Structure formats: C-alpha cells, structure tokens
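What follows is one structure encoded as structure tokens, with my remarks underneath.
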2 protein chains.
Amino acid sequence: MTATDKSSVPVNFDRRYSDAVTTEKPGLRERTRQAVRTQLMAVAWGLFVEQGYDATTVDEIAAAVGMSQRSFFRYFSSKEDVVLVKFEAVGAMLADVLANRPAEEDAWTALRRAFDVIVGPTERDPRHGLVLLRITSQAPALRARVLEEQTNWQELLAPLVARRMQQPAGGDLGPTALTAAALACLVVANAAWLRVDGTEPLAGFLDDAMRTVRPGAF
Amino acid sequence: MTATDKSSVPVNFDRRYSDAVTTEKPGLRERTRQAVRTQLMAVAWGLFVEQGYDATTVDEIAAAVGMSQRSFFRYFSSKEDVVLVKFEAVGAMLADVLANRPAEEDAWTALRRAFDVIVGPTERDPRHGLVLLRITSQAPALRARVLEEQTNWQELLAPLVARRMQQPAGGDLGPTALTAAALACLVVANAAWLRVDGTEPLAGFLDDAMRTVRPGAF
DNA sequence: GACGACTTGTCAGTCGCTGTCATGTTTGAC
DNA sequence: GTCAAACATGACAGCGACTGACAAGTCGTC
C-alpha cells in the first residue's frame with residue numbers, strides 16, 4: 001500500500017502514533033500492541049452494534065477484553081477513535097488509488113473511479129458498510145467527527161486532483177473545491193444508500209450525484 | 001451574522017386577539033429568557049475569544065453572569081450550542097434568500113447569490129466572521145459540529161434547489177448533491193479566507209471555488 | 001542477572017452533562 | 001386579593017469521558 005518506510009525508523013523509538021498499515025517487522029512489542037488494538041476494536045464494535053454507540057461505555061469495552069478503562073485510553077485516544085480509525089484507513093486507500101489512475105483521466109472521473117474503493121466492497125457484501133453507516137449516523141457527535149475526517153481525505157486527495165487540472169493560477173483552491181464537491185457527493189450518496197437500506201446499489205446513487213454536479217462528466 | 005429576528009411585526013400586534021388565539025408571541029417570561037440567553041452568549045463569546053473555547057469551562061461562563069452551572073444548561077443544551085446557535089440562524093437566512101431569488105435563475109447561480117448573505121457582512125466588517133471562524137476551527141469537536149450543522153442547511157436548501165432543476169427523475173438526490181457541493185465550496189472558501197486572515201475578499205474565493213466545480217456557471 | 005524500555009492497574013481529579021429536590025417568584029384564575 | 005399551578009433557580013449527587021501521577025510488574029538486551 002503505502003511506500004513509506006520499511007526500515008527507516010529505528011526499531012523501538014516513539015512508535016506511539018505510527019500505525020497506518022500492518023507492517024511485517026515491527027518487533028514483537030509493536031505486534032502485540034496491534035493485536036490488542038484489533039481485539040479492542042472487534043469487541044467494541046460488537047458492543048456498539050448490539051446496544052448502540054452511546055449506550056456502550058468505555059468501561060464496558062475495557063472490561064470485555066479484561067483491562068482497565070485507563071488502558072483502553074492507552075490504545076485509543078477516545079471512544080470515537082475506535083470508530084474513526086476505520087475511516088482513516090479509507091482516506092489512505094483513496095489517495096493510493098487516485099494516484100494510480102491513468103494520467104489522462106480528468107479529475108472528476110478519476111475521483112469517481114477512486115471512490116470505487118468504497119463502492120466495490122458494498123457490492124460484494126453491503127452488510128459491513130451498512131453497519132458502519134448505521135452506527136455513525138446514530139450518534140450525532142460521532143457523525144460530526146466522521147464528517148470532519150472526510151475533510152482530512154480532502155487534504156490528502158486535493159494535491160492529486162491538482163495534478164489533473166490545468167490552471168496554475170488561483171492557488172490550490174480549485175482542486176480543493178473540486179475534491180470537496182466530490183466528497184460531498186459521496187456523503188450524499190452514502191446517505192441515500194443507507195436510507196434504502198442498501199437495497200439499491202451505492203454506485204447508482206454516486207453516479208447520479210456526481211453527474212448532477214458536473215453534467216457531461218464520465 | 002446577527003440575527004435581527006422578526007422585528008418587522010408590530011409591537012403590540014397580538015394585543016387585541018390575545019384571548020382568541022393561543023399566544024405565539026414572546027410574552028414577558030419568554031422575553032426575559034431570551035435576554036438571559038443573549039447575555040449568556042455575549043459573556044461566553046468574550047471568554048472564548050479571550051482564552052479559547054476548550055480552556056473556558058461552563059462553570060466560568062455561568063459564574064461570569066452570576067448563575068449556577070446547572071442553570072447554564074437550562075439555557076443551552078450544551079457548551080457547543082452556544083456557538084452553534086450562531087450558525088442555525090444563517091441556515092434560515094440562506095433558505096429565505098434562496099427562495100426569493102428570481103425563478104429563472106439557474107440553481108448554481110442562485111446558490112452563489114444566496115451565499116451573499118454570508119459574504120456581504122464579511123465585506124462590511126470581516127472581524128466578526130473571522131472571530132467566528134477562528135473559534136470554530138480551534139476546537140476539533142466544535143469544528144466537526146459546525147460541519148454537521150451545515151448538512152442541516154443542506155436539507156433546508158435542497159428542496160428550493162430542486163425547484164430550479166428540471167429533472168423529476170432520480171429522486172431528490174440530484175438537488176441534494178448540488179446543494180452539498182455548493183456548501184462544500186463555501187466551506188473551502190471560508191477556510192481559504194481564514195488562512196489569509198481576511199485580507200482578500202471572501203467573495204473571490206467563493207467565486208473561484210464555485211466556478212471550478214461548475215465551469216461556465218455565472 | 002541487571003538495567004532500561006515498556007505496559008498495566010489504581011487512584012484521584014477535571015469537565016461536560018443530567019436527575020432530583022427544595023426553594024422562591026410569577027402568572028393566571030377565582 | 002388570594003391561592004394554586006407554572007416556572008426559575010440553586011444545591012447536591014451522580015455518570016461517563018478523559019487525564020496525570022505513581023507504583024508494580026514484564027520483557028528484551030547487554
């Protein structure tokens with residue numbers, strides 16, 4: 001996925017924030033840490049689905065994996081974070097796909113194709129995506145945070161979009177705006193898809209939305 | 001920004017029908033309540049500007065107006081609410097202006113013109129808008145909530161946008177998407193404007209953003 | 001085997017927020 | 001004018017998210 005590092009960082013030196021993708025040689029400690037994190041997420045997710053996000057306390061989650069509440073917060077910076085990490089990964093994937101789209105493809109089409117990273121899985125099995133959307137839409141604070149996370153995607157994608165647009169003037173506002181518009185379409189499409197409980201393909205909604213905003217594109 | 005409410009209605013309009021209809025008018029109690037609310041907002045705002053949103057506790061705000069913390073929460077449902085009410089008013093104003101734009105104006109242009117409700121005041125005096133943006137961007141949870149509030153605007157505006165678009169098919173997804181895209185442009189423009197500290201006109205940023213998303217419009 | 005890096009639990013405390021109860025104070029009916 | 005219902009407030013207790021500090025382990029390395 002990311003071509004960042006495999007050995008550039010000293011083995012055990014302040015790894016607290018580094019957990020983007022599962023690397024292969026992070027050392028035993030880091031791997032157990034990842035394992036705990038994963039387990040924590042799984043358990044938390046189960047509880048969220050079962051009884052709702054708000055109704056689930058951090059104490060419960062911690063107890064369910066047999067650790068103290070304090071330790072939970074050593075793995076996740078907040079309760080919201082447990083959900084948000086799922087979205088952070090998506091941002092990186094979007095950027096990756098977008099960067100590898102054919103150079104001659106126009107920005108809007110490339111964005112649409114990048115979104116296939118999200119659309120694809122929902123067609124193979126919509127359940128996971130639906131659960132994710134349902135949980136995030138039930139708690140207002142969480143919903144808000146997800147929205148904010150998507151503006152982070154914006155910053156990731158905008159530079160890649162800029163490369164596909166020929167307008168050196170005007171700063172990077174144009175590319176950012178176009179990216180933001182595309183992401184807005186994604187959000188709208190997701191909402192529509194959730195509203196019909198995934199019974200109609202997400203791709204259709206997304207196409208509708210993006211074609212309406214830019215008629216004539218793809 | 002300042003919500004000069006329905007002051008167009010004569011002061012003692014309901015006086016003569018007061019016993020015939022259930023009073024929708026302020027009434028003394030409701031007016032003192034509004035007064036307290038306003039004072040609370042003013043004081044809170046001062047503290048936010050002075051020492052930051054996160055660094056200001058609800059206890060402080062309450063003490064500054066001489067009431068208990070408990071009573072603060074009888075006027076605002078949350079600390080965030082003190083800031084958010086400023087945005088709720090804007091949504092209504094946008095809808096109002098949009099509804100009154102000439103019917104033959106296309107949707108995108110009408111949206112741009114509606115945004116003048118926001119842009120206008122920033123040209124007369126950018127300070128208020130800048131402070132608002134600065135406060136809301138410094139606290140992540142708050143920023144997220146503002147973003148969410150803007151999706152509420154979306155629901156307000158989308159039906160009005162729909163009327164300006166000729167495509168009965170496809171449900172209301174198209175209008176919603178277009179509205180969301182326009183709002184995304186607004187957000188992006190605001191961010192750019194904040195980044196230059198208001199030294200360049202917001203209108204320019206907004207025009208750039210919206211023209212990039214829909215070339216050829218207005 | 002000892003040292004240092006790392007992890008954990010416990011405890012105490014802050015802050016946002018809520019329910020409840022016991023006081024006034026206001027309002028509206030009689 | 002009186003009185004009861006309606007409302008506003010403060011005080012108190014409590015929950016849940018989150019944090020800092022400390023002490024007690026665990027584990028890899030030299």
Side-chain angles (χ1 to χ4, degrees), chain A residues 9-19 25-40 44 47-48 51-85 138-142 144-145, chain B residues 14-15 18-23 25-40 44 47-48 51-84 138-142 144-145:
Chain A
V9 179
V11 180
N12 46 7
F13 204 71
D14 196 35
R15 281 219 163 223
R16 313 173 61 177
Y17 270 20
S18 67
D19 48 343
K25 301 198 78 174
L28 180 126
R29 242 164 190 157
E30 184 59 22
R31 263 182 303 154
T32 62
R33 182 179 168 77
Q34 276 307 329
V36 174
R37 241 177 102 94
T38 304
Q39 194 201 352
L40 223 26
L47 289 171
F48 291 161
Q51 55 191 14
Y53 177 84
D54 278 333
T56 304
T57 71
V58 173
D59 276 298
E60 267 179 306
I61 303 171
V65 301
M67 61 165 51
S68 68
Q69 191 219 43
R70 190 67 185 85
S71 281
F72 170 91
F73 285 110
R74 287 178 175 124
Y75 284 94
F76 291 98
S77 60
S78 71
K79 185 176 152 187
E80 285 168 352
D81 198 33
V82 177
V83 177
L84 287 181
V85 285
Q138 83 183 203
L142 192 55
R145 275 299 175 75
Chain B
D14 70 325
R15 192 58 68 89
S18 57
D19 49 355
V21 186
T22 318
T23 61
K25 295 297 297 180
L28 180 118
R29 239 165 191 159
E30 185 58 23
R31 263 182 302 153
T32 62
R33 182 180 167 79
Q34 277 306 328
V36 174
R37 241 177 101 95
T38 304
Q39 194 201 351
L40 224 25
L47 289 170
F48 291 161
Q51 55 191 14
Y53 177 83
D54 279 333
T56 303
T57 69
V58 173
D59 276 299
E60 267 179 305
I61 302 171
V65 300
M67 61 165 51
S68 67
Q69 191 221 42
R70 190 64 184 87
S71 281
F72 170 91
F73 285 110
R74 287 178 175 125
Y75 285 94
F76 292 97
S77 60
S78 71
K79 185 176 151 186
E80 286 167 351
D81 197 32
V82 176
V83 178
L84 287 181
Q138 83 183 203
L142 193 56
R145 273 300 175 74

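Keep in mind that this is a model prediction, so the values were computed, not measured. Proteins come first, then strands; the chains are lettered A, B, ... in the order of their sequence lines, and each starts at number 1.
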Does a nitrogen or oxygen in the side chain of Ser68(A) sit under 4.0 Å from OP1 or OP2 of dT8(C)?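 For dT8(C), neither OP1 nor OP2 has a side-chain N or O of Ser68(A) closer than 4.0 Å.
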Any side-chain N or O of Tyr75(B) less than 4.0 Å from the OP1 or OP2 oxygen of dT9(D)?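 Yes, because at least one side-chain N or O of Tyr75(B) sits under 4.0 Å from OP1 or OP2 of dT9(D).
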What is the separation between atom [atom1] on [X] and atom [atom2] on [N], rounded to the nearest whole Å?
X: Phe76(A); N: dT19(D); atom1: CZ; atom2: P; value: 14 Å
X: Gln69(B); N: dG14(D); atom1: CD; atom2: C1'; value: 13 Å
X: Arg31(A); N: dT7(C); atom1: CZ; atom2: P; value: 14 Å
X: Asp81(B); N: dC17(C); atom1: CG; atom2: P; value: 9 Å
X: Gln51(B); N: dC15(C); atom1: CD; atom2: P; value: 11 Å
X: Ile61(A); N: dA17(D); atom1: CD1; atom2: C1'; value: 11 Å
X: Gln39(B); N: dT9(D); atom1: CD; atom2: P; value: 11 Å
X: Phe73(B); N: dC15(D); atom1: CZ; atom2: P; value: 18 Å

Within the side chain of Tyr53(A), is there an N or O that forms a donor-acceptor pair under 3.5 Å with the backbone of Glu80(A)?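 Checking the backbone N and O of Glu80(A) against the side chain of Tyr53(A), a donor-acceptor pair under 3.5 Å is found.
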Which nucleotide in the list [options] gets nearest to the side chain of [X]?
X: Thr57(B); options: dG10(D), dC15(C), dT19(D); result: dC15(C)
X: Arg74(B); options: dA11(D), dA17(D), dA21(D); result: dA11(D)
X: Met67(A); options: dG16(C), dG9(C), dG10(D); result: dG9(C)

Which part of the nucleic acid, if any, lies within reach of Thr32(B) when heavy atoms closer than 4.0 Å are counted: base, sugar-phosphate only, or nothing?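 Answer is nothing: Thr32(B) stays at 4.0 Å or more from every strand.
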When you match Arg70(A) and Asp59(A) each to their closest nucleotide on DNA chain D, which lands nearer the 5' end?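 Checking each residue's closest nucleotide, the 5'-ward one belongs to Asp59(A).
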Interatomic distance, Asp81(A) atom CG to Phe73(A) atom CZ [nearest 0.5 angstrom]: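 The distance works out to 10.0 Å.
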Between CZ on residue Arg33(A) and CG on residue Leu40(A), distance to nearest 0.5 Å: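 Here the interatomic distance stands at 10.0 Å.
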Less than 4.5 Å apart, any side-chain heavy atom of Lys79(B) and any of Phe48(B)?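 Yes - at least one pair of side-chain heavy atoms lies under 4.5 Å apart.
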Please report the shortest heavy-atom distance between Met67(B) and Phe72(B), naming the atom on each side.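 Where Met67(B) meets Phe72(B) most closely, the heavy atoms are SD-N, 3.8 Å.
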